2 protein chains.
Amino acid sequence: MQNRLLAALPSGDVARLSPHLVQFELERGRTLHEPGDRIDHVYFPLVGVVSLMTLMENGAAIESAMIGPEGAVGLPAAIRQRTAISRAVVQGKGRALRLSAAILHDVWTTSPTLRDLVDAHGEGLYANVTQSVACNALHSVEERFCRWMLSCHDRVEGDTLALTQEYLADMLGVQRTTVTAVARSLQDKGAIRYRRGQVDIIDRSLLEAAACECYGVVRRNYDRLLPAAERPVTSETSAEP
Amino acid sequence: MQNRLLAALPSGDVARLSPHLVQFELERGRTLHEPGDRIDHVYFPLVGVVSLMTLMENGAAIESAMIGPEGAVGLPAAIRQRTAISRAVVQGKGRALRLSAAILHDVWTTSPTLRDLVDAHGEGLYANVTQSVACNALHSVEERFCRWMLSCHDRVEGDTLALTQEYLADMLGVQRTTVTAVARSLQDKGAIRYRRGQVDIIDRSLLEAAACECYGVVRRNYDRLLPAAERPVTSETSAEP
DNA sequence: CTTTGAGTGTCGAGTCCTCGACAGTCTGCC
DNA sequence: GGCAGACTGTCGAGGACTCGACACTCAAAG
């Protein structure tokens, strides 16, 4: 699996960037930046998920967007040389390529393709957040739970997600007991199976049926804006086993 | 009252833009663009509010952001020559300056100040939407009602807002009966007074006390990113009568 | 092998908000 | 002046989610 932004760059740009791309292990729970931090590095996930969290004054943190191999963490802020406005937390184990913001900015000034990609990424991210505004106001916890599982599943390898119900409750901004009830119900339906800190996706189509439209809307947006993923993971394209 | 983006431009840029700035009346309820529309014009509100709405498949529309004299409608899409992703609806009567996207793009290519302002506007808007994600998940209807009233009050002249409870219910994504109850309660407290399709703000400090933190967070963000408003409207800066 | 702590199951009271329904009231228009 | 339509008031049943509490279970560390 590869990063869709890097994959879309012409070879000339890749040649200029690659000497500065550093392999970086995404360790679960690690914070990449806090609100107010200056952005010195950009992370291009290859596998794995990074959550962008909005912090509230009482310490609550809720996910505003999820970034995986379709994007990069810190992109707009790095280019504009600004500070971060959210907290970026590694959600699931994975790998990324790290790049210094200065190098990225250099290449950005001379590469129209990179500029286009940065813009496309920004638009996809904005559309994602915009959709979440509506989603959090209008959709049930079960719908949002399923949307979240699917988004996550798209961005990692395999069908097992390492996360606790408490963690997920924070992401969604609800009580743990509510997550427990929803998870239980989805397990009874055969959509997922979970153990301590681990969720297996058993039947993706059941999740898709129970998720709100927001999952598909955001996904189609990215597909429209960025070159196709190397390994498509939509159910429509999956072959029989 | 003036548009903060235009006010921050150097005189050379203003000279190039002003022949193409057209006075435009913001009429309540008018749609400036729909999702998917090509953006041919950008609107710089002088007084009044435009709501950016996210549309759902079932026809529901919910506000993702509010734009007034601190910003512009269609900015990022016009510069990048992309299509709109939300519906833009005029919320309250007002005036704006309209500018062709092509002209804006021309000046943008040569003016670093304009590029900075566009970036700042984008960051403010993104921060606004991000905050709303959390707000919609965590805050009560009364808190969000107050946040909305304050945001709106900042962007119009006078203390009277022309809007129905049904309209506001749509914006917040809740039932009208809930809005009625909240409005009633705030009127009893002496914060507002309302009649058919009209709300007077009686005691702004009561609204501020009942609003969630999101109002202040977003406002301070814009103040940090853009040059100060001509007519500050924060309670802190108000003088005694 | 035991202990410890993290993760999950469950319960129940209580609150917020939904959803549908209908009655009243104001405004503008004919 | 009266009518139609838009706007607001109110009610009540019901559902979704909160909030605090406590018991249980598993996994890893000692």
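Just so it is clear, the structure is predicted and the values come from calculations on it, not from any experiment. By convention in this document, chain letters (A, B, ...) are assigned in the order of the sequence lines, proteins followed by strands, and residues within each chain are numbered from 1.
Residue-level contact check: B:T177 touches the bases, meaning some heavy atom is under 4.0 Å from a base atom. Among the atoms of the strands shown, only primed sugar atoms or phosphate atoms (P, OP1, OP2) are found under 4.0 Å from some heavy atom of B:R184. Counting non-hydrogen atoms under 4.0 angstrom, B:T164 reaches the backbone sugars and phosphates but no base.
The residue among B:A181 and A:V141 whose nearest nucleotide of DNA chain D lies closer to the 5′ end is B:A181. Place A:A137 and A:L163 on DNA chain C by their nearest nucleotides, and A:L163 ends up nearer the 5' end.
Environment of CD in A:E213: crowded, with over 12 heavy atoms of neighbouring residues, nucleotides or ligands closer than 6.0 Å.
Aromatic ring centroids of B:Y126 and A:Y126 lie 6.0 Å or more apart.
Nucleotide D:dG20 holds its P atom 14 Å from the CD atom of A:E166, rounded to whole Å. Remark: C1' of C:dG9 and CG of A:L186 are 16 Å apart, rounded to the nearest angstrom. Atom CD in A:E142 sits about 14 Å away from atom C1' in D:dG15, given to the nearest Å. Atom-to-atom, CG of A:L138 to P of D:dA16 comes out at 16 Å; the value is rounded to the nearest Å. Distance B:N58 CG to C:dC19 P: 11 Å, rounded to the nearest Å.
Here the side chain of B:R176 is nearest to one of D:dC17, D:dA21, D:dT8, namely D:dT8. The side chain of A:T178 sits closest to D:dC17 out of C:dG9, D:dT8, D:dC17. In the set D:dG9, C:dG20, D:dC19, the nucleotide with an atom closest to the side chain of A:Q175 is D:dC19.
For DNA chain C, the neighbouring residues in residues 187-200 of chain A, judged by any heavy atom under 4.0 Å, are A:Y194, A:R195, A:R196, A:G197.
A donor-acceptor contact under 3.5 angstrom links the side chains of A:R147 and A:S132, judged on distance only. Side-chain contact check for B:H33 and B:R87: no donor-acceptor pair (N or O, by modelled atom type) lies under 3.5 Å.
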Next on the checklist: Go through it in stages, so that I can follow the logic: the residues are A:D154 and A:Y222, the test is side chain to side chain donor-acceptor pair (under 3.5 Å), and I'd like the CA-CA distance, side-chain angles, deciding distance and then a yes or no.
Outcome noted: CA-CA 12 Å; A:D154 284 350; A:Y222 276 120; over 6 Å; no
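The side chain of B:Q165 contributes no N or O atom lying less than 4.0 Å from OP1 or OP2 of D:dA6.
Distance alone, capped at 3.5 Å, places no donor-acceptor pair between the A:D200 side chain and the A:I202 backbone.
In this structure, CG on A:L125 lies 9.0 Å from CG on A:L75, to the nearest 0.5 angstrom.
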